Amino acid sequence: MEKLKQYHSQIIRLGLSGDNDAMGRVIKFCAISTNGDLGYALKVFGSLPQPDTFIYNTIFRGYLQLQLPKECISLYVQMLHASVTPNKFTFPSVVKACTFDNVVELGQQVHAQIFKFGYQSDGFSQNSLIHMYVSFKSLEKARRVFDMMPQRDDVSWTILISGYSQSGFIDDARKLFDLMPEKNPASWNAMIAACVQSNRFHEAFLLFDQMRQTSQFKLDKFVAASMLSACTGLGALKQGEWIHDNIKKSGIEVDHKLATTIIDMYCKCGSIEKAFATFNQFPTKGISSWNCMIGGFAMHGKGEEAIELFKRMENESKVSPDYITFVNLISACAHSGLVQEGRHYFQHMVKVHNISPGMEHYGCMVDLLGRAGLLNEAMKLINEMPMDPDVSVMGAFVGACKIHGNIELGEKIGEKVIELDPHNSGRYVLLANIYATASKWEDVAKIRKLMNDRGVKKSRGFSLIETDGAVTEFIAGGRSHPDSEEIYAKVKEMLACIRSIGYVPEAESVVHDISEEEEMEKALFYHSEKLAIAFGLLKTKAGETLRITKNLRVCKDCHEASKLISKFFDREIIVRDRSRFHHFKHGVCSCNDYW
DNA sequence: ATAGGGTTAG
C-alpha cells in the first residue's frame, strides 16, 4: 500500500490525476488485492472527473469482496445516472450483489437490463443470473435462463444441478446431471454432494465409482471432501481411510476445511485415535478443526480429553474458542457426567472469553444437569434464560425426566414439546416411554392414538455395518438380505449364549402394537442392531472389532445385549447412535450406561 | 478483469 501511494503521487505530479487508464490501475490495486484499501480506492474514485466503465466495475468487485452488496448496487445506480454504459464485465458483479442482498425485484430489473444491453448470449452474465434465481429459490426462472442460453457451459450445468439439490429436488438434479454431455470434476462433485446432503450415501458411492472410470479422473479436494462426508454418513471407516490415503497420494493440499472433514470422518467412523493423530499432524489448525476434535471427544464420552484439548487450545493456539467450542465442550461434560466442570466452563465462557450463552449452551447445560438428576437446578436455569427456551432445550429436560422417572414434570413439559414439534415422532415416543415407565398404559395408548390421528410415523430404525469395506444395512425384522436365514439363526444362537450369562430381555419402547409378551420379545430380538451384530459375527474373523452405525438411539435392551455379547464373544463392538458412541468391551460400555 | 463444487453441534 505504501509503495502504491508513492506511485500514486508520482502519477499526480505527472498531471495524470484525471487519467482513467493510470487511475484505473491504482484503483484496481486498492480495491481488489487482499492487502488493499477500498477506502483509498473510493477517495481516488471520487477525485476523477469521468470514471470509465472499467473503474466502476473494479469498485463493484471491491465492494463484493468486502460483502457490501448494498453499496455495490447503489453505485451501479449512480453509474447509470452518470450515463456510463455497462459492459459484459459489469453484470456478473451487479447480479451477484442482488444475490447476496436477496433483492428479488431489483434482480429482475437487472435481468431486463442485461437483455436491453444485449448480453443475452454472454455466458458469464447468464450464469450469474442462473445462480441468482437459484438462490432466490425461483427454480423455474433459473431453468428458463438455462434453457434460453445459446451456449451452455459446465458452469451453467453445475449451478443448476446444485440449485435443484439445495432446494431438495435431488431427482431433478440427477436428471439434469445425466443429460449433461461432458462432465467435469465440479459437476461430478455437485451431484455427489447432492446425494451426500440428502443421505443417499450409496448413490454417492455409485457415482464416485462411475467417475473413477472416466478417462481423465483425478481426485480433487472437493470430491475428496464430499466422499469423506459420504463415508462419515455411513460410518464407513475403511472407505474413509482409502480416501484419506488417496488425498496423500494425489498431493492434494489439505486446507483447514479438508483437515476438518478428515478429522470428522475418523471421529464419526469410530476411530477417535486416528482422528486425534490426524489432528496432531496438521501444523496449522483452524477453529473448525479444534471444535471438531473437541466434539469428537464429546461424542465418544471422553470428557477429560475434551477438557485437556480445550486447555491446550487456550494455551498454544492462535485461534480463540468460539460459540461452538463451548457447545462441544459443555456437551463433552454432559456426556461424561462432569457436572462441576460443565458448570465451570459455562461461567468461564462468559468471564474469560466474553461469549454470552446462547440457546445451544442452555440446551447442553440442561442436558448436563438433568442427566445428573439435578432437575430442579435444570428447571431453575430454564427459568433464568434470557430467551424463551426452544424445543431442544425443553426436549433435553424431558429426556432427563424420563431417565429419572419424574412423571409429573415429564408429562407437563413433554406435552408442550410435542405441540411445539408435532411432526417429530421422537417427541411422542419420549413421552410415551415416560408413561410406560410409570405403567400408565392408558396414557401410552392416548399418545399412540394422537400419533395415528396426526399421521406421525415412528421413524424406522436401521443399522449399518461395515465388513470387508462394504456397508450392509439392516432394518428391524428385515429379511431382504440373501443370507437372512443364516443371520436369524445366528441371532438366536447369540441370544442363547448371553442368556447363559444373565441376559434378560427388557422392552422399553412400547409405541408398537404389541401385547403378547412373546411377540414383544420377537420384536426385540430382531432389532436392526442385533441383526447387524449377528451379521458381523458371521462375516468377520475372531477378535475383529465390529463397527455399527445407527440412525436412532440405542435401546436399553440392545445396549444390555451388546455389553454381554462383547464379553461372551470377546469382541469389541463400537456403535454410533444418533447422538454418541458406545464402545462395548469385556461386558462394559464406554458410556457407563449414562446416555 | 468476471463464474460453479467441500467443513465444524445437539
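As the structure is a computational prediction, the values presented were derived from the model and not from experiment. In the text below, chain A, chain B and the rest are named by the order of the sequence lines, each starting its count at 1.
Distance from the side chain of A:Asn328 is smallest for B:dA9 among the nucleotides B:dT8, B:dA9, B:dG5. Across B:dA1, B:dT8, B:dT2, the shortest atom-to-atom separation from the side chain of A:Lys28 is found for B:dA1. With B:dG5, B:dA1, B:dG4 as the candidates, the nucleotide lying closest to the side chain of A:Asn87 is B:dA1. With B:dT8, B:dT2, B:dG6 as the choices, the nucleotide that has an atom nearest any side-chain atom of A:Lys257 turns out to be B:dG6. Checking B:dG4, B:dT8, B:dT7 against the side-chain heavy atoms of A:Thr158 singles out B:dG4 as nearest.
Ring pair A:Tyr345/A:His348 is perpendicular by interplanar angle, where above 60° counts as perpendicular and below 30° as parallel.
In this structure, the CD1 atom of A:Ile287 is 18 Å from the P atom of B:dT7, given to the nearest Å. In this structure, A:Leu329 places its CG atom 15 Å from C1' of B:dT8, rounding to the nearest Å. A:Arg578 places its CZ atom 12 Å from the P atom of B:dG10, with the value rounded to the nearest Å. Protein atom CH2 of A:Trp188 is 17 Å distant from nucleotide atom P of B:dG6, rounded to whole Å. Going from atom CZ of A:Phe208 over to atom P of B:dG5 covers 20 Å, rounded to whole Å. Atom-to-atom, CE of A:Met359 to P of B:dA9 comes out at 19 Å; the value is rounded to the nearest Å. Between A:Phe279 atom CZ and B:dT7 atom C1' the separation is 14 Å, expressed in whole Å. A:Arg152 has its CZ atom 17 Å from the C1' atom of B:dA3, to the nearest Å.
Contacts of A:Thr261 with the nucleic acid, taken as non-hydrogen atoms under 4.0 Å apart, involve only primed sugar atoms and P, OP1 or OP2. The residue A:Lys268 sits close only to the backbone: its heavy atoms come under 4.0 Å of sugar-phosphate atoms, none of a base. Among the heavy atoms of the strands, none lies under 4.0 Å from A:Ser128. Among the heavy atoms of the strands lying under 4.0 Å from A:His131 are primed sugar atoms or P, OP1, OP2 only; no base atom is included. Counting non-hydrogen atoms under 4.0 angstrom, A:Ile159 reaches the backbone sugars and phosphates but no base. Base engagement by A:Asn127 is indicated by at least one non-hydrogen atom pair under 4.0 Å involving a base atom. Across all strands shown, A:Phe91 has no heavy atoms under 4.0 Å from either base or sugar-phosphate atoms. Counting any heavy atom pair closer than 4.0 Å across all strands shown, A:Asp390 reaches no nucleic acid atom.
For A:Ser331, a side-chain nitrogen or oxygen approaches OP1 or OP2 of B:dG10 to under 4.0 Å. Close to B:dA3, at under 4.0 Å from its OP1 or OP2, lies a side-chain N or O of A:Lys96.
Within a 6.0 Å radius of NZ in A:Lys116, no more than 12 heavy atoms belonging to other residues, nucleotides or ligands are found.
A donor-acceptor contact under 3.5 Å links the side chain of A:Asp220 to the base of B:dG5. Judged by distance alone with a 3.5 Å cut-off, a donor-acceptor contact links the side chain of A:Asp255 to the base of B:dG6.
Looking at A:Arg371 and A:Asp367, a side-chain N of the basic residue comes within less than 4.0 Å of a carboxylate O on the acidic one, giving a salt bridge. Salt-bridge annotation for A:Arg174 and A:Asp178: present, with a side-chain N of the basic residue lying under 4.0 Å from a carboxylate O of the acidic one.
With its ring centre under 5.5 Å from that of the base six-membered ring and a plane angle below 30°, A:Phe89 counts as stacked on B:dA1.
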| task | Decide yes or no on ring pair (Phe, Tyr, Trp, His ring centres under 6.0 Å) for A:Tyr323 and A:His361, but give the supporting numbers first. | result | CA-CA 9 Å; A:Tyr323 188 95; A:His361 299 119; 4.2 Å; yes
| field | From CA spacing to verdict: ring pair (Phe, Tyr, Trp, His ring centres under 6.0 Å), A:Phe581, A:Phe297 | value | CA-CA 10 Å; A:Phe581 272 91; A:Phe297 281 133; over 10 Å; no
